[in-house]
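Here the structure comes first, spelled out in structure tokens, and everything after it is commentary.
Predicted model, so just to flag it, every value in this text is computed and none were measured.
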Amino acid sequence: MSQANLSFRTPTPADGEQIAQIHKMGLDTGHASYRETALTWPEFETNYLTGRSLALLACADDTILGWASIAPSSPRAVYAGVGEISIYL
């Protein structure tokens, strides 16, 4: 794959299934998260596309290669400014 084919974009509901598949592959390693099941699109949207959160997809042509996100780690005031970073490739 050449670097010219690589692009980044914001996820949409149509990407939900591919995002879940990538997330599940990471979870299956046993090292990616404390979660046991992959995020559904509504969970992904709530966790990473609202408020002060951000998510991006890495794509080559029409194929999603992975996703990355940053979100507040907790709504508690004591954790203000602390973020959780997730990267799944």
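- The side-chain heavy atoms of Pro11 and Trp41, taken from C-beta on, include a pair separated by under 4.5 Å.
- Using a 4.0 Å cut-off between charged side-chain N and carboxylate O, Lys24 and Glu36 make no salt bridge.
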Might you work through the side chain to side chain donor-acceptor pair (under 3.5 Å) test for Glu43 and Thr46, ending with a clear yes or no? CA-CA 5 Å; Glu43 291 172 322; Thr46 298; over 6 Å; no
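- Between the side chain of Arg76 and the backbone N or O of Val78, no donor-acceptor pair lies under 3.5 Å.
- Note that CG of Asn5 and SG of Cys59 are 11.5 Å apart. Values are rounded to the nearest 0.5 Å.
- A pairwise comparison of heavy atoms in Ala38 and Ala20 identifies CB-O, 3.5 Å as the closest pair.
- Ser86 places no side-chain N or O within donor-acceptor distance of the main-chain N or O of Ala68, the cut-off being under 3.5 Å.
- Here the side chains of Ile64 and Asp15 are in contact, with some heavy-atom distance below 4.5 Å.
- Going from atom CD1 of Ile87 over to atom OG of Ser69 covers 8.5 Å, rounded to the nearest 0.5 Å.
- Leu65 is not connected to Leu56 by any chain of hydrophobic side-chain contacts under 4.5 Å among Ile, Leu, Val, Met, Phe, Trp and Tyr, and they are in different clusters.
- Within the model, atoms CD of Glu45 and CD1 of Ile19 stand 10.0 Å from one another, a figure rounded to the nearest 0.5 Å.
- With values rounded to the nearest 0.5 angstrom, Ile22 atom CD1 is found 12.0 Å from Leu39 atom CG.
- Rounding to the nearest 0.5 Å gives a distance of 5.0 Å between CG of Leu57 and CZ of Arg9.
- Under a hydrophobic clustering in which Ile, Leu, Val, Met, Phe, Trp and Tyr are joined whenever their side-chain heavy atoms come within less than 4.5 Å, directly or via other members, Ile85 and Leu89 fall into the same cluster.
- Linking Ile, Leu, Val, Met, Phe, Trp and Tyr residues whenever their side-chain heavy atoms come within less than 4.5 Å leaves Ile70 and Tyr48 in two separate clusters.
- Ring geometry for His23 versus Tyr88: interplanar angle over 60°, hence perpendicular rather than tilted (30 to 60°).
- If you take OG1 on Thr10 and CG on Leu54, they are separated by 7.0 Å, rounding to the nearest 0.5 Å.
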